[in-house]
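Chain naming here is simple, since letters A, B, ... match the order of the sequence lines and numbering starts at 1 in each. Please read these numbers as outputs of a predicted model, since none were measured by experiment.
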Amino acid sequence: MWREGVTPGNATCSTYSNTRDMVPAEIIRFDELENPSALGGGPCFLVCWPAYGALPAASRVSTRSSHFPPMPAGSPSVGGWMYLNLNNANALGTYSAVRASQNWVVVSLFAESRYGVDFNASAFGNGCSAAVLWPTATTGTGAYPIGPRPNITP
Amino acid sequence: MRTVLWFLMLIVGAAVAGATSPTTAPPTSPATISNDDSCDISTTPAATLLLPYFEVEVEKPSGGAATTLFTLINTAPEQQIAHVTLWTDWAYPALTFNVALTGYDVHAINLYDVLVNGILPAGSSSGCPVPAQATTIAPAILEDVRQALTSGVTTHCGLARIGATHHAAVGFITIDVVSACTERTPVDPLYYSDNILFDNTLTGDYQQIWPDSAAGNFALGGPLVHIRAVPGGGSAATAVTNLPYTFYDRFTPAGDRRIDRRQPLPATFAARYIQGNSNAFAADFKIWREGVTPGNAPCRTYTNNRDMNTAEMVRFDEQENPSVHRGGCPFPGCPPPAYPLPATVRVATASGSFPPMPPGSPGAGGWMYLNLNNTNILGTYSTIRSSQNWVVVSMFAERRYGVDFDAVPLGNGCSQPAPPPTATTGRGANPIGPLPDIRP
């Protein structure tokens, strides 16, 4: 995953840790039977927000790691797909406009310690799409269904 | 007062100019203010997915057979029906089946299971309602499909050939969102008025597995080609596209040639290669090409999809030396020979289908300029345009490393045809480079 940082130009060295601790907006895991899974444990105010682990500007993370929601309980599947809203919420306010942060995701699949392929994840919108609202309807606490964004190009 | 006088002079001047100058020619590119009208192909949820090339060794046991897998994902909460069509390498539709995708559903399909064991995944059927368990293809039909994809013959076509002969099943796949489960194929014009839908919700990827350690032991993979409907959503009657022509152009009904609203694909590409060297570097191009046979064409016409001309190919080595096909012509003004390629093929870059390395070149790599326009010899396209194509680069080394990636298009499906020959041949004056980005 590549993620846009939050440190501005000519930033002091001490601020680069902000680009280490960028929390993604929302991640949902679907198994092959369309069962959703989301992380819990975050702060609650009217609704409870999930607690996602911070991800830096570039990282390679196993889909089994705790950065992602677990497989749905009792799921017989070994595969599925994930919805990733990696907006970092621009914690330092360094962007020129109110917008989602920029990101890119490459999927690496492996098998039998001898096969491996890379391919880009499918983007649900483009850099001009309006920021996605969350939490989504699939978590049971939100009202914003997951789906492709309207295609908006300037 | 001076301002008023200048304003009057401007009006009179404009009127005189309008009365005496010739009529202005209309702009060459259609005008639109819709932000969705893009011919650029990107990996975003789409209404049609294209697997440009598949290969399955149907004669080998499962543990050692090369196979191709692909995965379909419905990224929206509403149910979709994905209509899967397997085509031969001469673009004959050999098999079609439907995959019902509930909201956020994902289906992985191993073509070895389909073509050898006759197993369609749960949720697949030629007709509705959709079964919850995996279904099977009748043995006689399965054998006929295998023959079509390996020997190029089918009982539907008698002695007429609809594909080449190869030891593996070879072809390409299209996947469309549709309104109902039918056995209609995209060559039927009624498919577009009655069945096809326009919801840009599908995404998917493919993997090609080579498990034989003697011949090669690696996996290749990438995203499917995502072809969006523009505009998306609704039924065939609810919207009209601003695209100048569409992906299914040659099959669409005569009165509504852009009814499918699918983005067209480009004709020119930049594709990297590497071959030779002590590390056994090798590269193949997997090339998908738009055929020329129209909808509901007689079987005997599918040979036209076998020998489709290519407009131009130029090979550059790592020192920028160009190389083109000579074709044995001794005169400097000879046009380059048109090396034919079928509707889908995997070709080694070291083969005679491409220009040779420049004489004396010390390098093992470089890139190729590919203008794959087939010049539409049957005149079946709705407009004068380049034909559509897609190129995937496969690179290998030491029989254990392999990667796939899409070649870079030098324009999009709405670009004007690139005029050959190019300046690099010494005979032309059209430099190679990216084509202007033209939106419909």
Side-chain angles (χ1 to χ4, degrees), chain A residues 28-38 69 71-72 75-85 104-130 132 136-139 142-154, chain B residues 34-38 40 42-47 49 69 71-79 101-108 121-123 199-211 213 217-224 226 228 230-233 400-406 439:
Chain A
I28 307 290
R29 183 194 292 263
F30 292 97
D31 70 2
E32 291 174 331
L33 305 174
E34 304 90 75
N35 299 306
S37 167
M71 285 296 278
S75 172
S77 302
V78 295
W81 68 286
M82 281 195 224
Y83 166 76
L84 307 169
N85 180 353
W104 199 257
V105 179
V106 177
V107 180
S108 299
L109 299 178
F110 315 94
E112 299 180 13
S113 298
R114 56 175 177 157
Y115 301 123
V117 297
D118 267 16
F119 55 89
N120 292 334
S122 183
F124 269 20
N126 59 36
C128 300
S129 300
V132 175
T136 63
T138 57
T139 65
Y144 308 107
I146 290 171
R149 300 295 107 192
N151 187 287
I152 300 173
T153 49
Chain B
S34 174
N35 289 328
D36 195 30
D37 293 342
S38 173
D40 293 337
S42 56
T43 307
T44 58
L49 303 173
L69 304 91
T71 300
L72 303 177
I73 297 174
N74 175 18
T75 61
E78 298 82 15
Q79 174 173 319
L101 298 160
T102 56
Y104 306 131
D105 202 355
V106 55
H107 269 290
D199 302 295
N200 292 314
T201 63
L202 298 183
T203 185
D205 53 82
Y206 73 91
Q207 287 80 42
Q208 198 170 356
I209 310 294
W210 299 85
S213 56
N217 191 194
F218 44 80
L220 306 169
L224 300 175
H226 289 59
R228 289 188 304 113
V230 176
R400 56 180 178 148
Y401 301 120
V403 294
D404 261 18
F405 55 90
D406 291 335
R439 294 181 190 279

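If you measure heavy-atom distances from Asn74(B) to chain A, the contacts under 4.5 Å come from the backbone alone. Within the 4.5 angstrom heavy-atom criterion, atoms from both the backbone and the side chain of Asp105(B) approach chain A. With a threshold of 4.5 angstrom between heavy atoms, Leu109(A) approaches chain B through side-chain atoms but not through N, CA, C or O. When heavy atoms are compared at a cutoff of 4.5 Å, Ala121(A) approaches chain B solely by way of its backbone atoms N, CA, C and O. The part of Ile73(B) that comes within reach of chain A is its side chain, from C-beta onward, which places non-hydrogen atoms under 4.5 angstrom from that chain. Neither the backbone nor the side chain of Pro231(B) comes within contact range of chain A; no heavy atoms are under 4.5 Å apart.
When every heavy atom of Asn200(B) is checked against every heavy atom of Pro148(A), the shortest pair comes out as O-CG, 3.4 Å.
You'll find the side chain of Trp81(A) reaches within 4.5 Å of the side chain of Tyr104(B), heavy atoms only. Between Phe30(A) and Ser75(A), the closest side-chain pair of non-hydrogen atoms is not below 4.5 Å. Looking at Pro76(A) and Leu33(A), their side chains come closer than 4.5 Å, going by heavy atoms from C-beta outward. Inter-residue side-chain proximity for Tyr115(A) and Ile209(B) is flagged as met; some heavy-atom pair is nearer than 4.5 Å.
We find the NE2-OG1 distance between His107(B) and Thr71(B) to be 11.0 Å, quoted to the nearest 0.5 Å.
Chain A forms the most heavy-atom pairs under 4.5 Å with one residue out of Asp205(B), Thr203(B), Thr102(B), and that residue is Asp205(B).
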